[in-house]
Q: 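Here it is: the structure, laid out below.
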Number of protein chains: 2
Amino acid sequence: MKVSIKDIAKRAEVSPSTVSRALKNHPRISAAMCDRIQTLAHEMGYVPSEAARLLVGQQTPTIGVAIPDFSDPFYMNMLMGIEEVAIAHQHELFVGSFNQDLHRQRKLFDAFDQKRLAGVVVAGSLVDAAYLSRAQANAPAVLVNHYDYPHAVAVDQKRGISKAVNHLVSLGHQRIAYVSLGTTTDSDSLRYAGYLDALETANLPTHSDWVIAGDGGLQGGLAAADKLLQATAVPTAVVCYNDRTAIGVINGLHQHGYAVPTDFSVIGFDDLEIAGYFLPSLTTLRQPHIHLGRQAAEKLFALMHGATVQAELLEPELIRRNSTGPVRATMD
Amino acid sequence: MKVSIKDIAKRAEVSPSTVSRALKNHPRISAAMCDRIQTLAHEMGYVPSEAARLLVGQQTPTIGVAIPDFSDPFYMNMLMGIEEVAIAHQHELFVGSFNQDLHRQRKLFDAFDQKRLAGVVVAGSLVDAAYLSRAQANAPAVLVNHYDYPHAVAVDQKRGISKAVNHLVSLGHQRIAYVSLGTTTDSDSLRYAGYLDALETANLPTHSDWVIAGDGGLQGGLAAADKLLQATAVPTAVVCYNDRTAIGVINGLHQHGYAVPTDFSVIGFDDLEIAGYFLPSLTTLRQPHIHLGRQAAEKLFALMHGATVQAELLEPELIRRNSTGPVRATMD
DNA sequence: AATAATTGCGCAAACGTTTGCACAATTATA
DNA sequence: TATAATTGTGCAAACGTTTGCGCAATTATT
């Protein structure tokens with residue numbers, strides 16, 4: 001069995017309270033005693049029980065993070081940002097994914113709750129906010145890229161996609177498609193709204209063949225390319241829900257013998273690291289992933305310390321690379 | 001404050017023990033009582049305290065996972081495999097990264113220990129196994145892609161790289177370079193050994209200019225391409241520590257006006273999802289990521305249930321795609 | 001109708017830690 | 001030299017659960 005403070009107390013012939021205090025250099029314990037206890041504790045391989053500490057009213061030095069999916073690099077980058085500031089605050093991360101499944105998400109929130117975590121950050125726009133605020137009634141929470149919550153940090157996704165469309169318009173494109181996330185979430189709705197808005201502002205036509213459901217991943221992008229090429233009027237440019245979708249689309253077009261940006265312009269969203277290394281490199285909207293994570297974590301710690309924070313909306317930046325270019329003369 | 005079992009007991013005018021039992025449908029509690037307590041508990045928003053449970057000798061339904069880095073998709077895929085079986089066993093994941101820093105890793109192991117986790121899986125070849133086994137004396141641990149440990153699941157990395165070299169040899173390549181991880185870990189040593197072995201078996205020359213330090217990521221691959229092109233005798237093929245490095249290399253070569261596989265053959269390791277979607281698609285050695293994670297987790301749960309397990313060595317499979325081809329006629 | 005088994009519930013201890021309070025011994029102040 | 005302040009340590013309660021044991025009331029067995 002694990003060695004406890006009592007075991008040390010017995011060996012040292014002092015009371016448990018003295019041991020407890022000596023271990024944390026309590027001012028009322030003599031330096032000699034502190035030394036003696038600490039080396040003894042180390043010898044005996046003592047490891048404090050976080051559970052016992054938690055029970056007497058302390059906080060777990062742990063914050064929970066809920067992400068939709070381990071396979072999306074965007075969230076991983078965000079995680080790195082969160083982890084960075086968590087470590088700076090001497091906290092650990094408890095990470096769980098819920099795979100766009102609200103049931104799983106609730107389970108996760110329950111786990112957070114049972115563990116009495118110090119705080120929680122939830123990523124993604126699919127979140128059962130009601131459940132969250134009920135469960136985490138006394139642990140603060142910060143949401144990333146979700147809007148219906150008091151504490152959030154998000155990028156302006158609608159504006160981002162509008163920028164993408166405007167960029168394509170400025171290159172002369174008139175038939176512009178959108179490949180969506182495929183599941184109905186705020187993120188997708190907002191981006192789609194940005195697409196429609198910009199099109200309307202530019203007085204450009206929409207077409208039901210031009211909005212295709214992807215799946216947020218490479219496979220979905222690939223499949224979307226097939227459908228795009230079967231449209232009654234084939235578009236010349238496509239803006240994608242995210243970079244991974246864009247890469248899938250480019251690959252799909254390539255399989256049909258088309259080149260980007262010669263034959264089609266394709267634009268992504270996220271600016272994943274791979275976006276700069278893909279061939280062609282991806283024009284995209286940069287989400288400041290790591291910054292987003294850092295901001296969320298900073299806000300969370302502020303909340304945990306009783307401060308009040310306000311939501312923050314960041315503007316994504318258009319990164320021009322080689323997947324977009326002027327519209328080709330004509331399409332037969 | 002959080003509502004406790006005692007609060008429920010008071011409201012229901014029964015003893016805490018009855019509440020505790022009623023909540024888990026103890027056979028000696030009447031069905032009526034169970035119902036009454038359970039609905040009451042739900043109304044009052046009761047959430048059991050894991051800490052208290054842990055204290056009375058139960059296990060945390062949580063396993064710890066230590067990974068080198070959130071930015072490497074390989075580990076993320078592995079995580080998904082682990083998570084899959086963890087959920088099946090009603091356990092949650094506590095994930096931490098240590099960024100190839102042994103000090104951070106120890107901190108992480110300490111955290112695992114303080115939380116009295118049920119078990120631990122550690123990914124990557126850089127692990128302080130001594131520290132781990134001391135700390136986790138009574139919690140079982142499984143290692144992924146590490147060899148000096150009783151319980152491990154790994155792919156044969158040396159054999160994998162040898163396969164890569166053999167493939168290139170069969171295509172007629174004679175000057176074959178290796179881009180390493182850059183930091184000295186078992187994984188890198190093994191892959192490098194596989195490279196040397198295969199070269200020797202094939203009676204091919206080595207050259208100090210042909211082994212270049214990368215960083216395991218895209219940036220390192222890009223930089224490596226520059227150095228490769230400056231070699232006294234420029235190689236015709238390059239085998240890379242992993243897929244991300246390979247993508248970086250291809251991109252670097254591209255920036256210098258060279259095409260793959262026309263001018264150079266490049267081969268990766270991992271078979272990340274992106275490997276099939278990159279242009280050109282990557283020839284690589286498949287590590288069965290998800291399977292690896294699943295296996296590790298299965299072994300861990302077996303250990304937790306007192307079974308004995310043995311280490312497992314999987315053979316990576318060569319996936320031929322479009323980043324390798326026959327050696328070009330001549331290099332000027 | 002007496003005994004045995006079963007059913008339903010409460011008591012109290014235990015898990016490992018922290019912390020307010022008390023108390024003795026030492027040292028500083030008047 | 002008496003009193004006050006300081007220093008070093010121990011007692012015991014508390015945190016929220018679980019669980020072995022005991023006991024009464026009910027039901028089943030002869």
Q: Does OP1 or OP2 of C/dC9 have a side-chain N or O of B/Ser30 closer than 4.0 Å?
A: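 So the side-chain polar atoms of B/Ser30 do come within 4.0 Å of the phosphate oxygens OP1 or OP2 of C/dC9, strictly under.
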
Q: Just the rounded figure in Å: distance from C1' of C/dG10 to CD1 of B/Ile5.
A: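 About 14 Å, once rounded to whole Å.
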
Q: Just the rounded figure in Å: distance from C1' of C/dC9 to NE2 of B/His26.
A: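 It works out to 11 Å between those atoms.
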
Q: Atom NZ of A/Lys6 and atom P of C/dG16: how far apart are they, to the nearest Å?
A: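 Checked: the NZ to P distance equals 7 Å.
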
Q: Which part of the nucleic acid, if any, lies within reach of B/Ser20 when heavy atoms closer than 4.0 Å are counted: base, sugar-phosphate only, or nothing?
A: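 The residue B/Ser20 makes base contact.
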
Q: Do the side chains of A/Glu50 and B/Arg116 get close enough for a salt bridge, i.e. N-O under 4.0 angstrom?
A: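 Looking at A/Glu50 and B/Arg116, the cut-off is not met.
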
Q: Whole angstroms only, please: what is the NZ-C1' distance between B/Lys24 and D/dG16?
A: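 Interatomic distance, NZ of B/Lys24 to C1' of D/dG16: 12 Å.
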
Q: Ignoring hydrogens and angles, are the base of D/dG20 and the side chain of B/Arg21 linked by a donor-acceptor pair under 3.5 Å?
A: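 Indeed, a donor on one side and an acceptor on the other fall under 3.5 Å apart.
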
Q: Taking 4.0 angstrom as the limit, do A/Asp7 and A/Lys2 come out as a salt bridge?
A: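 A/Lys2 and A/Asp7: not salt-bridged.
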
Q: Report yes or no: is there a donor-acceptor pair, N or O only, under 3.5 Å between the side chain of B/Ser49 and the base of D/dC15?
A: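 Such a pair does not exist between side chain and base.
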
Q: Picking from C/dG10, C/dG16, C/dC15, which would you name as closest to the side chain of B/Val14?
A: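 Nearest to the side chain of B/Val14 among the choices is C/dG10.
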
Q: If you go through the side-chain atoms of A/Ser17, does one of them form a donor-acceptor pair with the base of D/dC11 closer than 3.5 Å?
A: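 Per atom types, the contact qualifies.
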
Q: Salt-bridged, B/Glu92 to A/Lys107, with N to O below 4.0 Å?
A: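 Between A/Lys107 and B/Glu92 there is no salt bridge, as every charged N stays at least 4.0 Å from the carboxylate O atoms.
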
Q: Remember a base hit wins even if backbone is also touched, and classify B/Val47 as base, sugar-phosphate or nothing at under 4.0 Å, heavy atoms.
A: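 Touches sugar-phosphate only.
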
Q: Do B/Val14 and B/Ile37 come close enough that some side-chain heavy atom pair is under 4.5 Å?
A: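 Heavy-atom side-chain distance check passes, below 4.5 Å.
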
Q: Grab the CD1-P distance between B/Ile37 and C/dC9 for me, whole Å please.
A: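 These atoms are roughly 9 Å apart.
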
Q: Return the nearest nucleotide to the side chain of B/Gln58; candidates are D/dT18, D/dG16, C/dT17.
A: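 The answer is D/dT18, which lies nearest to the side chain.
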
Q: With nearest nucleotides of DNA chain C determined for B/Ser15 and B/Gly57 from heavy-atom distances, which residue corresponds to the more 5′ nucleotide?
A: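 Closer to the 5' end of DNA chain C: B/Ser15.
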
Q: Less than 4.0 angstrom between a side-chain N/O of A/Thr18 and OP1 or OP2 of D/dG10, yes or no?
A: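 For A/Thr18, the contact criterion (side-chain N or O under 4.0 Å from OP1 or OP2 of D/dG10) is met.
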
Q: Tell me, please, whether B/Tyr131 has B/Arg106 positioned over its six-membered ring: NZ or CZ under 6.0 Å from the ring centre and within 45 degrees of its axis?
A: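 Judged by the rule, B/Arg106 and B/Tyr131 form a cation-pi pair.
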
Q: For B/Met33 and C/dC9, give me the distance from atom CE to atom C1', rounded to whole Å.
A: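 Roughly 7 Å, once rounded to whole Å.
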
Q: Output the rounded distance in Å from CG (A/Leu55) to C1' (C/dT19).
A: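 In whole Å, C/dT19 C1' and A/Leu55 CG are 14 Å from each other.
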
Q: If I take atom CD in residue B/Gln59 and atom C1' in nucleotide D/dT18, what distance separates them, rounded to the nearest angstrom?
A: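 Rounding to the nearest Å, CD of B/Gln59 and C1' of D/dT18 are 16 Å apart.
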
Q: Of the options C/dG16, D/dT7, C/dC9, whose atoms approach the side-chain atoms of B/Arg28 most closely?
A: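 The listed nucleotide nearest to B/Arg28's side chain is C/dC9.
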
